[in-house]
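Everything on this sheet refers to the single structure shown next.
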Amino acid sequence: MAWLHTKKFVVVLVGALLNGIAMNLFLIPANVYASGFTGAAQLISSILGEFSPFQLSTGILLFILNVPVTILAWKRVGKSFTIYSFLSVLLMSFFLEVIPIVHVSKDILLNAVFGGVIAAVGVGITLKWGASTGGMDIVAMILSRMQDRPVGTYFFTLNSIIIISAGFLYGWEKALYTLVTLYVSTRVIDAIHTRHEKLTAMIVTKKAGELKSAIHSRLVRGITTVPAKGAFTNEEKDMMFIVITRYELFDLERIIRDVDPQAFTNIVETTGIFGFFRRE
């Protein structure tokens with residue numbers, strides 16, 4: 001368990017470092033905005049620097065914006081998830097402060113694309129290891145549980161505000177390049193770790209009883225089991241169906257790997273659910 005937490009910490013550290021590099025070497029110098037709370041902090045920092053007598057850096061603003069969200073997540077989401085998410089925010093704020101802002105390229109399109117890709121890799125690996133980069137990720141998850149709407153609705157709303165504000169203040173060309181960054185980021189994150197709220201796992205295993213007990217010890221999710229038979233080997237197996245949120249995917253992967261490494265698992269996007277699905 002200690003080794004798992006060590007690896008998780010290293011992944012969160014690397015993810016935060018990649019986000020810091022993406023911001024300070026590509027997006028901030030080009031005035032292209034990231035998504036979520038990072039983009040909001042970036043935009044507020046630009047507005048304060050231009051229209052007020054004082055200025056706060058993007059790193060400090062990112063930390064300030066995430067403090068109330070972390071308190072809310074501690075109460076509503078879970079302690080382990082919240083601790084690693086806040087650690088991710090803390091490390092990213094640190095890297096944003098210590099990494100110098102450098103113009104690697106004068107080409108705004110290259111900055112938008114490479115900044116989006118590098119940031120998305122950081123976000124994707126952090127999500128894959130059961131944490132998040134905080135901010136809108138946590139807010140969207142909580143609101144989605146309360147309102148039963150897709151998390152994408154809330155991401156789209158905040159990012160739309162960022163894009164429109166950037167367009168009005170700094171020209172629509174910047175806003176369009178921000179759209180490029182958001183599109184690239186979304187595609188890369190989807191390639192590393194799905195952003196869909198609900199997923200269906202179909203697990204073909206010969207250890208259905210052990211796997212069911214292990215899943216129920218970690219996740220409060222219903223499981224449907226049906227008999228299955230290998231077409232080539234004719235072996236008798238079971239197929240287990242379980243619907244989870246994307247935040248539970250890390251735990252499910254670990255459980256399957258520990259109990260039955262030979263199990264075949266197919267993860268698919270779930271577009272809708274009718275009937276009871278635990279949200280808290």
Could you pull out the closest heavy-atom pair between Thr82 and Trp74, with the gap in Å?
OG1-N, 3.6 Å
Show the nearest heavy-atom pair for residues Ile242 and Arg221, with the distance to one decimal.
CD1-CB, 3.7 Å
Working to the nearest 0.5 angstrom, can you tell me the gap between Leu219 CG and Leu252 CG?
6.5 Å
Within this structure, what is the CG-OG1 distance for the pair Asp238 and Thr225, rounded to the nearest 0.5 Å?
6.0 Å
Leu182, Leu43: one ILVMFWY side-chain cluster at the under-4.5 Å cut-off?
no
Evaluate side-chain contact (heavy atoms from CB on, under 4.5 Å) for Lys229 paired with Asn234, printing each intermediate quantity in order.
CA-CA 6 Å; Lys229 188 175 183 178; Asn234 288 320; 3.8 Å; yes
Minimum heavy-atom separation for Pro29 to Asn24, with atom names?
CG-O, 3.4 Å
Backbone of Ala34 reached by a side-chain donor or acceptor of Thr38 within 3.5 Å:
no
Evaluate the side-chain proximity of Leu48 to Ser45: yes if any heavy-atom separation is below 4.5 Å, no if none is.
no
Could you check whether Phe86 and Phe63 have their ring centres less than 6.0 Å apart?
yes
Taking all heavy atoms of Leu17 and all of Ile99, pick out the closest pair and write down the distance.
CD1-CD1, 4.1 Å
Steps toward side-chain contact (heavy atoms from CB on, under 4.5 Å) verdict (Ser46, Tyr33)
CA-CA 10 Å; Ser46 299; Tyr33 295 90; 3.5 Å; yes
Using a 3.5 Å distance criterion without hydrogens, assess whether the side chain of Thr70 forms a donor-acceptor pair with backbone atoms of Asn66.
yes
Give the intermediate values and the outcome of side-chain contact (heavy atoms from CB on, under 4.5 Å) for residues Val104 and Phe26.
CA-CA 7 Å; Val104 175; Phe26 296 98; 4.2 Å; yes
Answer yes if Val188 and Leu109 sit in the same cluster of Ile, Leu, Val, Met, Phe, Trp and Tyr residues linked by side chain heavy atoms under 4.5 Å apart, and no otherwise.
yes
In Å, rounded to the nearest 0.5 Å, how long is the span from CD of Gln262 to NZ of Lys237?
9.0 Å
Under 3.5 Å, is there a donor-acceptor pair between the Ser105 and Asn111 side chains?
no
Side chains of Leu199 and Val243 in contact at under 4.5 Å (non-hydrogen atoms):
no
Hydrophobic clusters here meaning ILVMFWY residues chained together by side-chain heavy-atom distances under 4.5 Å, can you tell me if Ile28 and Val102 are in one?
yes
Distance, nearest 0.5 Å, that separates NZ of Lys174 from CG of Leu179
14.0 Å
Minimum heavy-atom distance between Ala201 and Ile267, given as atom pair plus value
CB-CD1, 3.6 Å
Please check if the number of heavy atoms outside Glu173 that lie under 6.0 Å from its CD is greater than 12.
no
Considering all heavy atoms, the nearest Gly116-Ser185 contact:
O-OG, 3.2 Å
Can you tell me how far the CG atom of Asn31 sits from the OH atom of Tyr177, to the nearest 0.5 Å?
13.0 Å
Thr58, Leu62, Ile64, Leu61 screened by side chain to side chain contact (heavy atoms under 4.5 Å, CB included) with Ile44, the one that passes:
Leu61
Using modelled atom types only, decide if a donor and an acceptor are shared between the side chain of Thr126 and the backbone of Gly15 within a distance under 3.5 Å.
no
Does the side chain of Phe241 come within less than 4.5 Å of Val226's, by heavy atoms?
yes
Taking C-beta and beyond as the side chain, do Ile244 and Lys198 meet within less than 4.5 Å on heavy atoms?
no
Do Glu248 and Arg218 make a side-chain contact, defined as non-hydrogen atoms from C-beta onward lying under 4.5 Å apart?
no
May I ask you to check whether over 12 heavy atoms, not counting those of Phe114, lie within 6.0 Å of atom CZ?
no
Let me see the working for Ile101 and Met23 under side-chain contact (heavy atoms from CB on, under 4.5 Å), right down to the final yes or no.
CA-CA 8 Å; Ile101 297 176; Met23 294 296 295; over 6 Å; no
What's the spacing between Ile47 CD1 and Leu56 CG if we round to 0.5 Å?
12.5 Å
Do Met240 and Leu211 have side-chain heavy atoms sitting under 4.5 Å apart?
yes
Starting from Ile163, can I reach Leu176 by hopping between I/L/V/M/F/W/Y residues whose side chains sit under 4.5 Å apart?
yes
Heavy-atom neighbours of Lys8 NZ exceed 12 at 6.0 Å
yes
Hey, does Lys206 have a side-chain heavy atom less than 4.5 Å from the side chain of Glu235?
yes
Does one hydrophobic cluster hold both Ile203 and Met239, with members joined at side-chain heavy-atom distances below 4.5 Å?
no
May I ask you to test the His103-Leu25 pair for a side-chain heavy-atom distance under 4.5 Å?
no
